[in-house]
Amino acid sequence: MVPRPRLRYEPRHSGANMEKLIIDGGHPLHGTVRASGAKNAALPILMATLLAPGEHRLTNVPKLADVDSSLSLLGRIGCPSLEGDPIRLDTSRIAYHEAPYDVVRKMRASVLVLGPLLARHGEAKVSLPGGCAIGVRPIDQHLKGLEALGATFNLENGTIHGRCGQLRGAEIQLDMPTVTGTENILMAAVLADGTSVIHNAAREPEIVDLGRFLITLGAKIEGLGSSDIVVHGVPSLAPGARPYAVCPDRIETGTFLCAAALTGGDIEVTHTDPSMLQAVLAKLTEAGCTVTTTPTTIRVKGPERLKSFRLRTEPFPGFPTDMQAQLMVVAALADGTSTIHENIFENRFLHAAELLRMGARIETSGNAATVHGQTRMTGSPVMASDLRASAALVLAGLAAQGVTEIHRIYHLDRGYEDLVAKLRGVGARIARVSDGMNDSEQMSAAMSA
Ligand code: EPU
């Protein structure tokens, strides 16, 4: 069946600008949560479908605003989709080769169309993503890798315009192990003529998942999960015979585990993969939590009092920057002083100032934060600044005494599927309310969990 076009340009929760979260905190959370599919695997996999003309079926794709943005972008390119599980995508035809500014400004990951469009279509235009709340985030390494494969680029009116003939295999040495940079180059190299090697490649599990998906399309790739990825180019790719299941979201998993740690609760996350979360589980153990795992589940019991720790964010398998904000909340309620070094992004402490409003004691200097643990935090109105900072504020609200109000929650819709429902399922008193509700209506919504 050929999917009918389904183009959406509105965010999944179109009223999200006017909504806020109300949390009545200080209650231990108990129960089981099912992990969703990984946002950061689903996005490159959706873009990679462009490489193989035909109908693709993908399962375990999380329902997120960023997935909507990706499907909308693919729709504009000429590849309609049908929502459901599996999601169906028809990439038979490429009618257009641009990711315009209004899409890219909503989702930086739109840059992931560059590699697939060049490899299949020979031309791609992507509005330059620019910086975002957490850092400058250049894409020079993406372009360097694609140039090595034979593409040429011009910058015209804020838009990167790439062109190429048949791409040719090359040795590419990345300056740093960039996640989406590795993905863009990998997606282009699979259709290049000859063998490519990506040295200093990023090793994140989401890249391994993308690589596995590409292999189901007929790509020849070795070294996934290592720093040297070898790609033997093939002339063409075709959709796999079976639906492809996106890997679990390790950051969502880790966020729920922190909720158990912070509330002195006991949460088991199912349909996940502990091997993707070793650094996070080690840190939660160091903080005094009891961690038990099976191949697909992780259970964390929070201690009476958390312990302080030292943390440095690093590329995988080091501690993920996407869990730094959440662990800062853990540190804020730990016994003693913790230090946190953010080594990936230059401006990823925006949550610290909001946590101060809730009674945390945190000093930041450059990429270092010193967190003096307190025995309690108190609910207050706070403002979310980016996706993971928003998650940290939710965690702080769950742990704090009293009521927390979180504004600008549209960030959460980009990366956490059904967050409120999942938290209510483990006993959280949390509600998503419109700014128009009066105080008693808001409280009764939060208390009715
Ligand atoms: N960098 C460059 N030049 C490049 C590419 C990256 O200087 O060409 C720098 C960045 O500025 C940064 C560092 O290298 O300082 C690493 O950035 P990376 O490219 O690895 O990040 P990304 O690919 O843009 C992905 C995730 C982020 C996650 C980072 C780090 C996706 C769609 N995004 O971003 O996820 O924080 O890797 O693990 O996969 C999130 O989900 O909240 C999120 C921000």
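Just follow the structure's listing: the first ligand is 1, and inside any ligand the first atom is 1.
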When you compare ligand 1 with Glu346, is there at least one nitrogen or oxygen pair between them that comes in under 3.5 angstrom?
no
In Arg348, Arg312, Gln324, the residue satisfying side chain to side chain donor-acceptor pair (under 3.5 Å) with Glu342 is Gln324
Quick one: nearest non-hydrogen protein atom to atom 19 (O) of ligand 1, plus distance?
Thr178 OG1, 2.6 Å
Please verify the inter-ring angle class for His97 with His161; under 30° counts as parallel, over 60° as perpendicular, anything in between as tilted.
parallel
Atom 20 (O) of ligand 1: the protein heavy-atom neighbour that sits closest, reported with distance to 0.1 Å:
Val179 N, 2.8 Å
Closest to atom 26 (C) of ligand 1 (judged by heavy-atom distance), picking from Asn40, Val111, Thr313, Ile139
Asn40
Does some non-hydrogen atom of Glu206 fall short of 4.0 Å from ligand 1?
no
Is the side chain of Thr294 donor-acceptor paired with the backbone N or O of Thr297 at a distance under 3.5 Å, no angle test?
yes
In this structure, atom 10 (C) of ligand 1 is nearest to the protein heavy atom Phe345 CE2, 4.2 Å
Closest protein heavy atom to atom 23 (O) of ligand 1, given as residue, atom name and distance to 0.1 Å
Thr180 OG1, 2.6 Å
Record the part of Arg348 in heavy-atom contact with ligand 1 below 4.0 Å; permitted values are side chain, backbone, both and neither.
side chain
Asn157 atom CG: more than 12 heavy-atom contacts under 6.0 Å
no
The answer for which part of Gln141 has a heavy atom under 4.0 Å from ligand 1 is both
When you check the side-chain N and O atoms of Tyr244 and Thr59, is any donor under 3.5 Å from an acceptor?
no
Out of the candidates Asn367, Thr313, Thr321, only one should pair with Asn343 under the side chain to side chain donor-acceptor pair (under 3.5 Å) rule; please name it.
Asn367
Of the side chain and backbone of Met176, name the one, both, or neither that has a heavy atom under 4.0 Å from an atom of ligand 1.
side chain
Side chain, backbone, both or neither: which applies to Thr321 and ligand 1 if a contact is any heavy-atom pair less than 4.0 Å apart?
side chain
Start with the C-alpha distance between Asp228 and Arg203, add both sets of side-chain angles, then the distance that settles salt bridge (charged side-chain N to carboxylate O under 4.0 Å, His left out), and finish with yes or no.
CA-CA 9 Å; Asp228 294 299; Arg203 300 165 61 187; over 6 Å; no
Could you list the atoms of ligand 1 found under 4.0 angstrom from a heavy atom of His142?
8 (O)
Note: heavy atom closest to atom 36 (O) of ligand 1, options Asp140, Asp322, Asn184, Leu387, belongs to Asp322
Find all atoms of ligand 1 within a distance of less than 4.0 Å from any non-hydrogen atom belonging to Lys39, and give their numbers and elements.
40 (C), 41 (O)
Is any N or O atom of Arg137, backbone or side chain, closer than 3.5 Å to an N or O atom of ligand 1?
yes
For atom 41 (O) of ligand 1, what's the nearest protein heavy-atom neighbour? Residue, atom name and distance, please.
Arg388 NH2, 2.8 Å
Any side-chain donor-acceptor pair under 3.5 Å between Glu363 and Thr370?
no
What residue and atom, counting heavy atoms only, is the protein's closest point to atom 13 (C) of ligand 1, and at what distance?
Ile344 O, 4.0 Å
Is a side-chain N or O of Gln166 found less than 3.5 angstrom from the main chain of Leu191, in a donor-acceptor match?
yes
Report yes or no: does a heavy atom of Pro138 sit under 4.0 Å from some atom of ligand 1?
yes
Are Asp322 and Arg250 close enough for a salt bridge, meaning some N to O gap below 4.0 Å?
no
Are any of the side-chain heavy atoms of Leu355 and Met377 separated by less than 4.5 Å?
yes
